[in-house]
Each structure stands twice: as C-alpha cells, then as structure tokens.
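First the proteins, then the strands, lettered A, B, ... as listed; each starts at 1.
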Protein chains: 2
Amino acid sequence: MKQESSSYNSIEKAMRVLTAFSVDRPTWGVRELSAHLGFSPSTVQRILQALKRFSFVDQDPKTRLYRLGKVYFRFMDVLQRTHTVNRAAFPHMKQLMSQTRETVHLNVIDGTERVCIDALESPQLLKAVMPIGSRSPLYAGASSKCLLAFSSDEFIEQYLTGVHLVPVTRHTICRMDALRAEIQEIRGRGYAMSLGERTPGLGSLSAPILNPKGIVQAALSLAVPEVRFKEKRHFARCIKALVLTAEAFSEEMGYDVHRA
Amino acid sequence: MKQESSSYNSIEKAMRVLTAFSVDRPTWGVRELSAHLGFSPSTVQRILQALKRFSFVDQDPKTRLYRLGKVYFRFMDVLQRTHTVNRAAFPHMKQLMSQTRETVHLNVIDGTERVCIDALESPQLLKAVMPIGSRSPLYAGASSKCLLAFSSDEFIEQYLTGVHLVPVTRHTICRMDALRAEIQEIRGRGYAMSLGERTPGLGSLSAPILNPKGIVQAALSLAVPEVRFKEKRHFARCIKALVLTAEAFSEEMGYDVHRA
DNA sequence: AACGCTGTATTATAATATGAAACAAGAATC
DNA sequence: GATTCTTGTTTCATATTATAATACAGCGTT
C-alpha cells in the first residue's frame, strides 16, 4: 500500500527544498520557493530554518534570501577521501594528463545521468573544462555512452525502454537504433568517442573502469578541443594512453583484463 | 517558549544522520547509527530510505550499509559557480600559484571553524596538500587566524569569550593573551603566518580578502613545507606575492585599499 | 503616509513520525 | 548442518509534530 506520489513527508520536502537551489537559481526567498514547490510559506520557512541550523543553507543577513550552505564542502571531503574509486583514481588521472596534456575527468552514473566526480585540467592554453558535478544524459557524449555501454544488460534495456532521446546539440544521437548500434560498437572497441554531442567543438574519449565482475564502476575520459581531436597522431596517442591507463586502473580495482 | 535542545524535529534528525558520515566513519548500518545518535532503529531506517530516494545517501546493494550519495557533487557545482568569491578567486589563485610554486588555498569561516573551499596544488615534488572541505578551529593556523583577525570586533569578542583553546599540535597557540596579541599583530601586519600549528612541518601564510566594508570574506593562503618556509628569500617572495594578489582580489571585490 | 511586498511568529487542527515488537535473511558459532 | 546471534526491514496503535491560515513586523516604493 503506497502513498500517492504527490505527497511528501517532511524529510522529502526538505530535500526538495535543497535541490531547488541550482546553478540557474542559486538563491530563493521563502515565498518564491513556496510558490515554486507548492508548499505553504510557513512550511518552507520552518524547513529552511531547520536546514540553516545545520548550515545546509545560509541566509544572507541583509536580503534575508537563502542560498546553499557550507556543509557540502565537508561532504565532498568525505566523499573524495572514502569513495574507493576516487582515492585510487588520482595517480592514474595524473599520469594520463601528463601523457596527453588534455583535460582528464572521471565520471559515474547517477540515476539516468552521467556526473563528473573528479577532473584534472589540461595545462594547455586552449583546453576543455569539465567541472566537477556537471551532468549529461546517458546517451550524449563519450563518457555517458561508455558508462551505458559497459553497464549490465538489464540496466541498458531498462534505460533504453524508458528514455526519450532529446538532442542536446545537432550531433547528439537521437535515433534509438543508432544508439543501440553505437553501444555494440563501443563494447567491441573497448572505448567510446564523441565530437560535439554535448558541447559544440568539444571532442571526448572515454574508457571504462571495471570491477572484478566486469561491470562499469566509472568512466575515465579525455576532453579534447576539436582542433586537436582531429589531429590523427595526437588522437591515436590519446586513445592508446587512455585505454592503457583505464586497463591498469581496472586491474588495480581487481578486474582481470586477460580473462574477459 | 523553546523546546528542550535534546529533542529534534524530523528534518533535524535527518541532518544529524547525514552529518554522522565522516572521513573516520564513512559507512553506517541502521542499528549502529541508531545507537550512535540515540534514535530508534525504525526512525533511522525511515530517514535513510527517504534520503536514499533523493540520493543524499547510497546503499550498498550487497552489504546493505549506507554511505553518502552523489547529490553533493551537484551542490558543489552550484556552490562553486554561484558563490561570488569562488568565481572571482580562480585567476588570482592561479597567478599566485605560478608565482610561488606553492599550494594555494581559499578559506572561509563556517561557524567557529575555518573551512577550505578551493585549492590549487603546488607543481613541486615536495608539497603541502589542503583538501577542499578540510577544517580547523579559528585559533590554529595562518588561515584561521587571518579570518579571525579581520572579522568584526563583535565577532572576535564573542568567539574569544566562548572558545576553549585546545592544542592541536605542540605549536598551537593556547594562551588567550597570546592569541589576542597575535590578532593585533596580524591586523597591523596585514597577513598571518604559522608554522606547524595544525600540521607538524607545515608552514602557512594567509592574507584577507575584504569586502567593501573592510570585513573579511575569505582568506587566501599558501601552504608551504617547512624546509622552503625557512628559506628567507623564498619566504619573502611568497609574502610579497600573496599580499599583492590578495589586495588585487579585494579591490576586485569592491574594497578600496587606499582608503583603509 | 499608505500600500505592497518581504520574512517570520502563532496556534488550533489534522496528519505524520514514533518506537516496540515482529519478521526475514545472512553470518558466525557450535 | 543446525542453532543462535546478528543484521536490515516492516508493521501498527499512539502521541507527537507538521501543517496552513492568519497575524505581525520590517522594508521599499508609490
């Protein structure tokens, strides 16, 4: 017996309040937020005050408006120091960065999206940037497609039947048969590539980090400006370095490359 | 009429649950956490399930243990892209890093602690590390003392009357008169320094980023290994670069250096 | 000076959170 | 291999707690 999904308990309301703070809308007043979420102003007010007590939100003493607080830095510290993938990733990311001189980033699946959990920026004057926390749907971009392709078959099927392919740029794959074919190709090839599927002019290469069971844990990726992406020799060198690094990393996580 | 402080509403309980996840204790079972917090297992269970629905926590499908979830990456993205200090800080931090070749970090006050909100690591083989999210009490370390010294007089008084000075290392200032004198000295000098007050062998220099009213918004700091900290010429060069960068940064934030 | 807009405090009412106990499933022990 | 601890999870009557209308207080504009 489940409750109607339109009703939330107070904790869920608190979380809906928190997730309302976005890059596009980083500050809220009580009444605006109340209108936005459909909760009464009193409720929103009480929730915000509770959140403030634990510095999940800050309140500007002058404007009385609310914004995200400073606890998240602590959570990030905990995440980065305890998530096994993250801890182990750094030396590999660093090595890959010095070999390719391109921006290296690490991604995981969160729900139906790819999220960047760590990044090292290229030392070059022209470089791609991939902010920690940035997201994309699982069908757009090399990292996304890589994570999807090396997920379990059940996950892929479940995802593909539920997803609605909306183009992000004019190079985004938005035909289902094309996406299925792409997944097969990525699996066979061992890495994914994309050019401008999410950001025009931005090329990307991505290889999976596999756990002992061969299921993807993360995607190690390079973000490369189009000019350099199209240089054949640099492109080949990037792929080679990426694949070798990802394999070494997977082995470190307990995956046996030769048995697969 | 206020409630007894030992009782929490459900949102506060949820936040106490979240903040229980730390670097020392990154995973919890329901009953352990229940015992730790003094809430009943059912309550903790229900809270964790609600938090899980919004990916504030993840649950290991095998061990059934809980850990922090992936929302925090999103919050960090929002924070880093919307906090005005953070946005403006990057080019200055970068410049300071290339001038000194030492680890640069940016800190703010959270409650009675200093928290690191951004860092750029030194390119050298021997370097100090300052993880984003790391904390220290406001009396230990250059960044802490700098933030404290350039706070408002009311804040300083309130802090000093409430604080209990516990030594973090054997170089931590733990006499109240010494701390008061140090604050005055920092104010006169315009920057703070420390050696091994928080971490043995780690020296630090810190200058304030001031808002138009002359109140500290953040502290820009250098973390320097003791060997290099003791090299007079390098030390002098670091101080000069730090102070100039912090002043330029303050000016960019609207502070008038010459009127102060 | 009056209005409209904030965020905040109050309070009776209704919904929801609570914890004891039962359950299910896995690990450790004998 | 059976027993006995654990563990996470579900249930449910009870009482606490969240709720939304309302009132209030402060600010900026008209």
Quiz item: When you check the phosphate oxygens OP1 and OP2 of C:dT8, does a side-chain N or O of A:Q45 lie under 4.0 Å from one of them?
Solution: yes
Exercise. With DNA chain C as reference, determine whether A:V30 or A:I11 sits nearer its 5' end, using the nearest nucleotide of each.
Key: A:V30
Quiz item: Under the 3.5 Å rule, do the base of D:dA21 and the side chain of A:S40 count as making a donor-acceptor pair?
Solution: no
Quiz item: Between A:F39 and A:K13, is there a cation-pi geometry (under 6.0 Å to ring centre, at most 45° from the normal)?
Solution: yes
Exercise. Calculate the interatomic distance between A:L33 atom CG and C:dT6 atom P; express it in whole Å.
Key: 13 Å
Practice problem: Please tell me if the side chains of B:Y72 and A:R74 come closer than 4.5 Å, counting only heavy atoms from C-beta onward. | Solution: no
Quiz item: Taking NZ from A:K13 and C1' from C:dT16, how many angstroms apart are they, rounded to a whole number?
Solution: 10 Å
Quiz item: For the pair made of CG in B:D60 and C1' in D:dG8, what is the distance, rounded to whole Å?
Solution: 13 Å
Quiz item: How many Å lie between CG on B:L51 and P on D:dT9, as a whole number?
Solution: 13 Å
Exercise. Could you pull out the closest heavy-atom pair between A:S151 and A:R187, with the gap in Å?
Key: O-NH2, 3.2 Å
Self-check item: Rounded interatomic separation in angstrom, taking CZ from A:F39 and C1' from D:dA18
Solution: 13 Å
Exercise. Could you tell me whether the side chain of A:K70 and the main chain of B:I109 form a donor-acceptor pair under 3.5 Å?
Key: yes
Practice problem: On DNA chain C, check which nucleotide each of A:T63 and B:S10 is closest to and give me the residue with the more 5' one. | Solution: A:T63
Quiz item: Could you state the CG-P distance from A:L48 to C:dG7, rounded to the nearest angstrom?
Solution: 9 Å
Self-check item: Separation of atom CD in A:Q59 from atom C1' in C:dT8, rounded to whole Å
Solution: 10 Å
Quiz item: B:Q49 side chain: which of C:dT8, D:dA18, D:dT9 is closest?
Solution: D:dT9
Self-check item: A:Y66 side-chain proximity, nearest of D:dA20, C:dG7, D:dG8
Solution: C:dG7
Exercise. Please confirm whether the backbone N or O of B:S134 pairs with a side-chain atom of B:R114, one donor and one acceptor, at under 3.5 Å?
Key: yes
Exercise. Rounded to the nearest angstrom, tell me the gap between atom CG in A:L65 and atom P in D:dC27.
Key: 15 Å
Exercise. Tell me which nucleotide among D:dG8, C:dG7, D:dT22 gets nearest to the side chain of B:R31.
Key: D:dG8
Quiz item: Under the 3.5 Å rule, do the base of D:dA20 and the side chain of A:S42 count as making a donor-acceptor pair?
Solution: yes
